[in-house]
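Down below is the structure, laid out as structure tokens.
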Amino acid sequence: MRGDSIETWQPQFTYYGFRYVEVKGAVPAGERNPRNLPVITELVGLHTSLSASQSGTFFCSNPLFNKIHNLIDWAMRSNMASVLTDCPHREKLGWVEQAYLMQYSLQYRYNMSRMYNKIIKDMYLSQTEQGMIPSIAPEYVRFKDGFEDTPEWGSAFIISSWYTYLWYGDDRSLKKYYPMMKKYMDYLASRANDNIIAYGLGDWFDIGPDVPGNSQLTSNGLTATATYYYNATIMQKIAHLLAQPDDVEKYGRLAVEIKESFNHSFFNSSTNTYDRNSQTANSIVLFMGLADETYKQSIINNLVCDIEKRNYSLTAGDIGYRYVLQALETNGLSELIYKMNCKYNVPGYGWQLAHGATALTESWQAFGFVSNNHFMLGHLMEWLYGGIGGIRQTEQSLAYKTIQIDPHVVGNITSASASYESPYGRICSEWKKKQEGFELKVSIPANSEAVILLPTRNIENITDYGVCLHLSKDIVFLGVESNKTKIKIGSGNYLFFVKN
């Protein structure tokens, strides 16, 4: 320093993840300075992040869930750089499994349309001659002992491309990289033994008896082979979209063969259990449709039983927890999701907050010896918007052309609001529990439509801005589903009220 005037400095070509800053050899302005040291007039922390615009908002009456939203959001923002990094302070590497497992959570909160095309291109550029997609892309460094190649990571090349198409209607990656996706499927086939793939990290950082790392409660063969099956089902859909009939047949046949081998290897028909009956094993089977319909309810019961006997605590890790949430939600068990995540006394989001976390941590247990700014476990964000907020798109929809509004009223939550800026415009869902009934305020953008589910079996209990719904000519009654009235509406603003 020259020492003759106020000087300002900041790093130009690097950034650091930190919570506290220590400055030596200087004193704060206004304090005694007998040694005539430099005086700190101002110290400012600049938070760097990708310039992706915010696309979603969420708030509810339960303070813990709002804090969880912020906890995950800080980890998201901290790890949105030129790649989706694991942490902003240590490796800063683009581990690709989080690209698809956290994709819907990210896309509810931020506009990631341009970013995902870049991420998918990074994976394409990192593909080896053998067809392998490495676990990190761009592959700035290669780790050993299974880290360089694990199927649940490399499959992001296929899964994220498909999710991007479903979410934004953008098929460019599918068209451009389809031959390379086929090459990756051929590579996985070369690593399979009777359609079973059993290598890699598995359900990384699950909660078991040991220090977290490689999967402890679920065989890596189960998660790897299930992901291989999921890839095959997606590849069949992509082949159909791209008018490749031979590949439609090829991947359809492959999916059937993998499913048969999977159930032969991992399902015990005498106990109706998969593998070691873990939360991850049961959930991934349910999500991907690997169980025979005859045994589906038994698998659901196994999942629920494991969660309940652990006092509603989780065990699933990086790979499994999104599937736990999805399996519970799609089977009408959001109340169980609430019970698992409204707690401070077991490892999870509340536990992290109780132990001083200001961003999502790498381990559910918030261990101090691992990263304390990681976004790989932030899967609950997807449920906050799609479950509590109720904003999703229907199964046959593309880019939110047909929206589904189905708020999950759970626990002690009495009100919630969520919004999402879709490709067609802003979607809003705001609900309140009142003494006399249930109120739902909805905004549907132009050139789209919505399916609404309201908590009553009787359409005569529902009004829209005070007008009985059965008198409306513009609202289509679709029937009753899971004790809810299902209706179809066009774009516009609605204020539904359901009398008790």
**Asked** Just by distance, with hydrogens left out, do T85 and N79 show a side-chain donor and acceptor under 3.5 Å apart?
**Response** yes
**Asked** Between T150 and E152, is any side-chain donor less than 3.5 angstrom from a side-chain acceptor?
**Response** yes
**Prompt:** Does a side-chain heavy-atom distance below 4.5 Å link H89 with F18?
**Reply:** no
**Asked** Is the backbone of Q107 close enough, under 3.5 Å, to the side chain of S55 for a donor and an acceptor to pair up by distance?
**Response** yes
**Request:** For side chain to side chain donor-acceptor pair (under 3.5 Å), just list the numbers for D292 and T294, CA-CA rounded to whole Å, side-chain angles, deciding distance to a tenth of an Å, and then say yes or no.
**Result:** CA-CA 5 Å; D292 188 285; T294 307; 2.8 Å; yes
**Prompt:** Do you know the tightest heavy-atom contact between N263 and A291?
**Reply:** OD1-CA, 4.5 Å
**Aromatic ring proximity Y108/W167, centre distance under 6.0 Å** = yes
**Request:** State, without any angle test, whether T358 and W74 hold a side-chain donor-acceptor pair at a distance under 3.5 Å.
**Result:** no
**Asked** Do T164 and Q103 have a side chain donor and acceptor closer than 3.5 Å?
**Response** yes
**Prompt:** Does N302 use its side chain to pair, donor to acceptor, with the backbone of N272 at less than 3.5 Å?
**Reply:** yes
**Item:** S215 and N220: side chain donor to acceptor below 3.5 Å
**Value:** no
**Message:** Taking the ring centre of each residue, are F65 and Y338 less than 6.0 Å apart?
**Reply:** yes
**Prompt:** So, does D170 use its side chain to make a donor-acceptor pair with the main chain of R172 at under 3.5 Å?
**Reply:** yes
**Asked** Taking atom types as modelled, is there a side-chain donor on T218 or S278 under 3.5 Å from an acceptor on the other?
**Response** yes
**Prompt:** Given the side-chain rings of Y177 and Y124, with only the six-membered ring counted for Trp, is the space between their centroids under 6.0 Å?
**Reply:** yes
**Message:** Looking at Q98 and L84, would you say the former's side chain and the latter's main chain have a donor-acceptor pair under 3.5 Å?
**Reply:** yes
**Item:** Candidate list F287, Y251, Y323, test ring pair (Phe, Tyr, Trp, His ring centres under 6.0 Å), partner Y230, passing option
**Value:** F287
**Prompt:** Would the Y385 and H69 ring centres measure less than 6.0 Å apart?
**Reply:** yes
**Prompt:** Relative to Y15, does K92 satisfy both conditions: NZ or CZ under 6.0 angstrom from the six-membered ring centre, and within 45 degrees of the ring's axis?
**Reply:** yes
**Request:** Assess the side chains of N195 and T225: does a donor N or O sit below 3.5 Å from an acceptor N or O?
**Result:** no
**Distance, nearest 0.5 Å, that separates OG of S371 from CD of E91** = 8.5 Å
**Asked** Should L101 and M376 be marked as a side-chain contact (heavy atoms from CB on, under 4.5 Å) after you check the CA-CA gap, both sets of side-chain angles, and the distance that decides it?
**Response** CA-CA 8 Å; L101 290 165; M376 71 180 190; over 6 Å; no
**Message:** Could you check, using the six-membered ring where one of them is a Trp, whether Y163 and Y104 have ring centers closer than 6.0 angstrom?
**Reply:** yes
**Request:** Please lay out, stage by stage, how R109 and D73 fare under the test salt bridge (charged side-chain N to carboxylate O under 4.0 Å, His left out).
**Result:** CA-CA 8 Å; R109 184 70 176 134; D73 188 53; 2.9 Å; yes
**Prompt:** Do T223 and D203 get their side chains close enough for a donor-acceptor pair, meaning under 3.5 Å?
**Reply:** no
**Prompt:** Have Y178 and D171 got a donor and an acceptor in their side chains that come within less than 3.5 Å?
**Reply:** no
**Request:** Give a yes or no on whether the ring-centroid distance for F143 and W95 is below 6.0 angstrom.
**Result:** yes
**Residues which pass salt bridge (Lys or Arg N to Asp or Glu O under 4.0 Å) with R276, listed by chain and number, not counting sequence neighbours** = none
**Request:** Provide the full list of ring pair (Phe, Tyr, Trp, His ring centres under 6.0 Å) pairs with a residue in residues 255-279, sequence neighbours left out, each pair given once.
**Result:** F262-F266, F262-Y274, F267-Y274, F267-Y295
**Test salt bridge (charged side-chain N to carboxylate O under 4.0 Å, His left out) applied to K182 and D186, step by step** = CA-CA 6 Å; K182 291 176 63 177; D186 291 341; over 6 Å; no
**Request:** Please check if any side-chain donor atom of E139 sits under 3.5 Å from a side-chain acceptor atom of S126, or the reverse.
**Result:** no
**Item:** ring pair (Phe, Tyr, Trp, His ring centres under 6.0 Å) partner of W364, the single match among W204, Y321, W351
**Value:** Y321
**Prompt:** Are any side-chain N or O atoms of K339 and backbone N or O atoms of G411, one a donor and one an acceptor, separated by less than 3.5 Å?
**Reply:** no
**Item:** Intermediate values then yes/no, side-chain contact (heavy atoms from CB on, under 4.5 Å), L380 and I68
**Value:** CA-CA 8 Å; L380 194 71; I68 292 172; 3.8 Å; yes
